[in-house]
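What follows is a set of notes on a single structure, which appears directly below.
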Amino acid sequence: TNKERMLLVFTEWVKLLQRVPSDDVKVAVFISQMIEKGVLSETNNVIEFTKAALELSVGSFKESDPTSEVFTATDAFSKLIVNLLVLQDFSEVDRSSYFKLIFSVITFVFSEDQGKTENTFNERPYFRLFSSLLCDWEDISSHNFVKVEDQRCRAQLVEFNKEFYRVIASFLHAYQPIAFPGFSFAWITLISHRMFLPKMLKLPEKAGWSQLVLLFTDLLKFMAQYTKKQDVPDAVSVVYKGALRVFLAVANDAPEFLVENHYELLNNLPHVYMQLRNVVLSAFPKHVSIPNPYNPKLSIDTVKICDQPPNVFYDPVHDLKTLKKPVDNYLRIPSASLSRTISSNVFRSEYEKDNGIGFDTVSVDVKLINAIVLHVGIEAALEKQRTTANAVFNVKSSYYTLLADLLNDGTTEVRFHVVQAIANQLRYPNAHTQWFNYVLKNFFNSEEWGENKTEIQEIIVRTLLERIVTNKPHCWGIIVTFTDLLKSTECSLMDLPFVKDVPEVELIIKHL
Amino acid sequence: TMPAEMASQLESSLLNCPDSLDADTPHLYHNVLSLPHPTSIFFPNEP
Amino acid sequence: YGLSALLPLIRREDQSPDYDSSMTLGIDLSPVLHSLGIPNNQPSRNRVLDTFQSPWVETSRSEVEPKFFVPESFKNIPNVLQSGERPPAFNSVQQDHAKISLFQDETLFYLFYKHPGSVVQELTYLELRKRNWRYHKTLKVWLTKDPMMEPVVAPGGASERGSYVFFDPQRWEKCQRDFVLFYNAIM
């Protein structure tokens, strides 16, 4: 049968690779003959061959003695794919479509295998295939494909390179844990693979960032969905540990990724993961020197780097939905009616369950609130650069009053999420941290809340405190803001009724 | 709550979790530097 | 939404039922960072993702090969060790002895540890012995006498105490140690 003939060709390929080095001319000759003889002449043949080769590789893994080389066929298949991408003439079909076709077939076989074997599904040969693909591609692509002699081909491959990773990223999104829980641990290992993650982080013009955010979001959503407050399933707890370690590695190597994507990442980070939230928010760009936040003489307004607004990769304005116009109009010319429109449209249409500290459901659109707060902060920092600091460090500025109105008109729940969103911007010294520090301090001391003052103060103290009582890291902006409140002559934290009511908290604050 | 089937697949994935050996660079062709030779049992027997 | 919501986190007695504290309050990250190769809670100069073995310590049992590039000028160098066009091979203890003596100590150690059960392991053993290194059977490391110190032989003559230079294959360096050497332990 056709399938048998293809398996024969693939087996010959496997044997060849064991006998000669992969850059031997015989390897190229083999590929050339495969093409000449029409083994892969049509789409159907490509599909059938891919299916056969993968099924044989997976089968051979399952049947091999576990102490021997179990991935021989899988590794050979990986090398075949890379050779096909490099050596073929792509004048009629483009490389990207060809690659996607192969990957689609792999996905089909994978998904069938998963469906058939369910709990006995073994992710390892599929993991190995993707891992080896990444390694083999790295080998051929290093130094701008210098190993490829044909200059025209080389130029095409250089052009194609980022597409290679983007295709893999898009398929990884399809393989996410919620879709294929039996592949979860392999998946997390793949998104953090040494030949994938650093590459995606460093693609020119941040070309890999959107997809990385999507993949991290897939991970966070999975964890969010299945992290119960009590009784976290062991496997989910292991997932969390792995995720934490990956985020720490990213914070070390590419903190700017976390800095610029904090908004999107936090939108999907379960509230209960307080330490992980701090890991994301305490990232700061390399080469930025951070003054000691515990220095009692520190004044945020004298920190020079607070002139710089942080980069924000994804503009939250895209998430403002119907409130974009009202918000932007309000910032230009504040009005009570615009403010009312904004305040009344931050609610969800139905309750959603949430894992919060102290709450189980959410009736406000938290993502929308986060978007509003960050957008206002971005605009305030821009305004400061365009005009003067006084334009925004001013309790009468529209930037300030928009947020103040949200608190004034909002329910307790709204107030909480607005303050949380503000706290999310108290990060390393930058223009946003400085402005939101100003906002929060003024909110704390303001007399405009009337009988709601105590509640708002308590929410502010709770929000800051919860980010300090965790194990490190702690955000610079949170420490500085909390210190400012502690030093405040206008209001002593220790005298506040809600602090006195909770002796444990009183003790902590006294200690701080 | 995680459906039982999903939980069991997740567990199975945990059990089969790929390790650093699975993620290592593939080398199908091994260039033999020298022939096999019976060496002392005290020598290390793994590279 | 107030402070009392934090009580289950901070109150010791209440800690177990309500929240998984390893995720809320979190843990001391120093050992985790250490396992990643990030020392002292400071950002490391090394890019740890480039050699990342696995998200979990438990599955990071071995190093993984990072990306690297071998320039063409490093490959296919003709007539290395007078071997003509083909790359040098060590297939005969008698014939290839001479080539082995051209290598530095570190190269010999590399070949010894890298190619178990082979002619080259045997050849490097013989050559290192010629250079007054001795192989310790249980420690599985090579050592030689520190020339600055004479060892003291124990009464009975089964061992001596002295200063030796060891080659540590894990750290890939020579290091000096005081040591009690049993003669039947070396070869």
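Keep in mind it's a predicted model, so treat the numbers as computed, not measured. Every chain is numbered from 1, with letters handed out A, B, ... down the list of sequences.
At least one side-chain heavy atom of V93(C) sits under 4.5 Å from a side-chain heavy atom of H37(B).
Scanning both residues, N91(C) and L35(B), for their nearest heavy atoms gives OD1-N, 3.0 Å. The shortest non-hydrogen separation linking D24(B) to E63(C) is OD2-O, 4.1 Å. For Q53(C) against A23(B), the heavy-atom pair with the smallest separation is O-CB, 4.4 Å.
A distance of 7.5 Å separates CG of L123(C) from OG of S34(B), quoted to the nearest 0.5 Å. Summarising the geometry, atom CZ belonging to F112(C) is positioned 7.5 Å from atom OG1 belonging to T39(B); distances are rounded to the nearest 0.5 Å.
The contact between Y113(C) and chain B is made by backbone and side chain atoms together, counting heavy-atom distances below 4.5 Å. At a 4.5 Å heavy-atom cutoff, the contact between K137(C) and chain B is made by backbone and side-chain atoms alike. Contacts between P66(C) and chain B at a heavy-atom distance below 4.5 Å are absent for every atom of the residue.
Within 6.0 Å of CZ in R61(C) there are 12 or fewer heavy atoms belonging to other residues, nucleotides or ligands. The local environment of NZ in K114(C) is sparse, with at most 12 non-hydrogen atoms from other residues, nucleotides or ligands closer than 6.0 Å. For CZ of F103(C), the number of neighbouring non-hydrogen atoms (other residues, nucleotides, ligands) closer than 6.0 Å is greater than 12.
Side-chain polar atoms of S20(B) and S62(C) form a donor-acceptor pair below 3.5 angstrom.
Interface summary for chain B: among K67(C), E58(C), Q121(C), the most heavy-atom pairs under 4.5 angstrom belong to Q121(C). When each of D19(B), D22(B), L21(B), I41(B) is scored by its heavy-atom pairs under 4.5 Å with chain C, the top score falls to D19(B).
Looking only at distances, no side-chain donor or acceptor of N45(B) sits under 3.5 Å from a matching main-chain atom of P116(C).
Between F43(B) and Y125(C), the ring-plane angle classifies as tilted under the 30° and 60° cut-offs.
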